[in-house]
Amino acid sequence: MKLVLASQSPRRKELLGRLGLEFTTKASQVDEEAFSAATPEELVKTLSREKARWVAQRESEDAIVIGADTVVVLDGDVLGKPGSQAQAREMLRRLSGRVHQVYTGVSVCQGDFTVTQAEATQVRFRPLTEEEIHCYVRSGEPMDKAGAYGLQGLGALLVEGVEGDYTNVVGLPICRLGHILLQFGIDCLALAAR
């Protein structure tokens, strides 16, 4: 069995690696800006499916490919990766003292068979001062992350609470992925017990 993660995200690689599975990575070349959807959940499902299928078409027929896409949503607005430090600061100001949602779509593809699901998690930011926002942005951490923060790093200092799957906020909902992989004959717990 060949398992491929359709992502170069170090966070997704680390989360999948924790399951003890052997896998390779291959980034998709899907133009994310070319897709839209009625809801954030549908958007991440579509993008994760397109990423998985793009890589699957370039792998052997028996390869099992995992695709994922994550967005941060506040007041119905999708907050992607900031394009500048000014955008990062603005996103963090908006998130300060508020609850927002993180959606991740996960798709697993083998040949013509694809399973796609989405996970949603509520995240509550504590109120932030301007100095804290500036310090965090200067750290560089927000610049490659949806919503301009990373819960697994310094961003944990900004978050008061998480309701739902923590790994979803990091970018790969492991519990949901484990259930999907069962449909492809991969039982992560049984493999770990060997």
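Note that the numbering runs from 1 along the sequence shown for the chain.
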Hey, are the side chains of [X] and [Y] touching, using non-hydrogen atoms and a 4.5 Å cut-off?
X      : Y      : value
Leu95  : Leu74  : yes
Leu172 : Thr167 : no
Val123 : Leu151 : no
Lys145 : Gln152 : yes
Leu158 : Leu128 : yes
Cys188 : Leu181 : yes
Val162 : Gln122 : no
Met143 : Pro82  : yes

Does the pair Val137 and Leu92 meet the rule for a side-chain contact (heavy atoms from CB on, under 4.5 Å), with working shown?
CA-CA 9 Å; Val137 171; Leu92 292 165; 3.7 Å; yes
Donor + acceptor pair across side chains of Arg12, Thr70 (<3.5 Å)
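Present: a donor and an acceptor within the cut-off.
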Residues forming a side chain to side chain donor-acceptor pair (under 3.5 Å) with [X], sequence neighbours excluded:
X      : answer
Ser84  : none
Ser28  : none
Glu163 : none
Thr121 : Asn168

I'd like to know whether NE2 of His134 has more than 12 heavy-atom contacts from other residues, nucleotides or ligands below 6.0 angstrom.
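For His134, atom NE2 is crowded (more than 12 foreign heavy atoms under 6.0 Å).
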For atom CG of Asp62, decide whether the heavy atoms of other residues, nucleotides or ligands shown that lie under 6.0 angstrom number more than 12.
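Buried by this count: over 12 neighbours within 6.0 Å.
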Arg89/Glu130 salt bridge by N-O under 4.0 Å criterion
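Answer for the salt bridge query: no.
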Check this for me, if you would: do Arg11 and Asp144 make a salt bridge, where the nitrogen-to-carboxylate-oxygen distance has to be below 4.0 angstrom?
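Judged by the 4.0 Å cut-off on N to carboxylate O distance, Arg11 and Asp144 do form a salt bridge.
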Under the rule for salt bridge (charged side-chain N to carboxylate O under 4.0 Å, His left out), what residues qualify as partners of [X], not counting sequence neighbours?
X      : answer
Arg49  : none
Glu59  : Lys2, Lys26
Glu131 : Arg138
Arg94  : Asp77

To the nearest 0.5 Å, what is the distance between [atom1] on [X] and [atom2] on [Y]?
X      : Y      : atom1 : atom2 : answer
Arg176 : Glu119 : CZ    : CD    : 4.5 Å
Cys109 : Glu50  : SG    : CD    : 10.0 Å
Ile174 : Tyr166 : CD1   : OH    : 12.0 Å
Lys51  : Ile66  : NZ    : CD1   : 13.5 Å
Arg53  : Ser48  : CZ    : OG    : 9.5 Å

Does [X] use its side chain to pair, donor to acceptor, with the backbone of [Y] at less than 3.5 Å?
X      : Y      : answer
Ser139 : Tyr136 : yes
Gln87  : Gly83  : yes
Gln101 : Ala120 : no

Pair Arg126, Glu132 - check salt bridge (Lys or Arg N to Asp or Glu O under 4.0 Å), show working.
CA-CA 11 Å; Arg126 66 178 178 79; Glu132 289 171 324; 3.0 Å; yes
Which pairs with one or both residues in residues 181-194 pass side-chain hydrogen bond (donor to acceptor under 3.5 Å, both in side chains), sequence neighbours excluded?
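Passing the test, one end in residues 181-194: no pairs.
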Please walk me through it: do Thr104 and Val44 pass side-chain contact (heavy atoms from CB on, under 4.5 Å)?
CA-CA 6 Å; Thr104 301; Val44 295; 5.8 Å; no
According to side chain to side chain contact (heavy atoms under 4.5 Å, CB included), who are the partners of Arg18, at least two apart in sequence or on a separate chain?
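Applying side chain to side chain contact (heavy atoms under 4.5 Å, CB included) to Arg18 gives Glu14, Leu15.
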Sequence neighbours excluded, which residues qualify as side chain to side chain contact (heavy atoms under 4.5 Å, CB included) partners of Phe184?
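Partners of Phe184 under the side chain to side chain contact (heavy atoms under 4.5 Å, CB included) test: Ile64, Val108, Gln110, Phe113, Val115, Ile180.
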Going by ring pair (Phe, Tyr, Trp, His ring centres under 6.0 Å), name the pairs with one or both residues in residues 65-109, residues two or more places apart or in two chains.
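Checked against ring pair (Phe, Tyr, Trp, His ring centres under 6.0 Å) - neighbours excluded - the pairs reaching residues 65-109 are His100-Phe125, His100-Tyr149.
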Yes or no on side-chain contact (heavy atoms from CB on, under 4.5 Å) for Thr25 and Lys13, after CA distance, side-chain angles and deciding distance?
CA-CA 8 Å; Thr25 60; Lys13 286 195 273 191; 3.4 Å; yes
If I compare all heavy atoms of Ala148 with all of Pro142, which pair ends up nearest, and what's the gap?
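Nearest heavy atoms, Ala148 then Pro142: O-CB, 3.0 Å.
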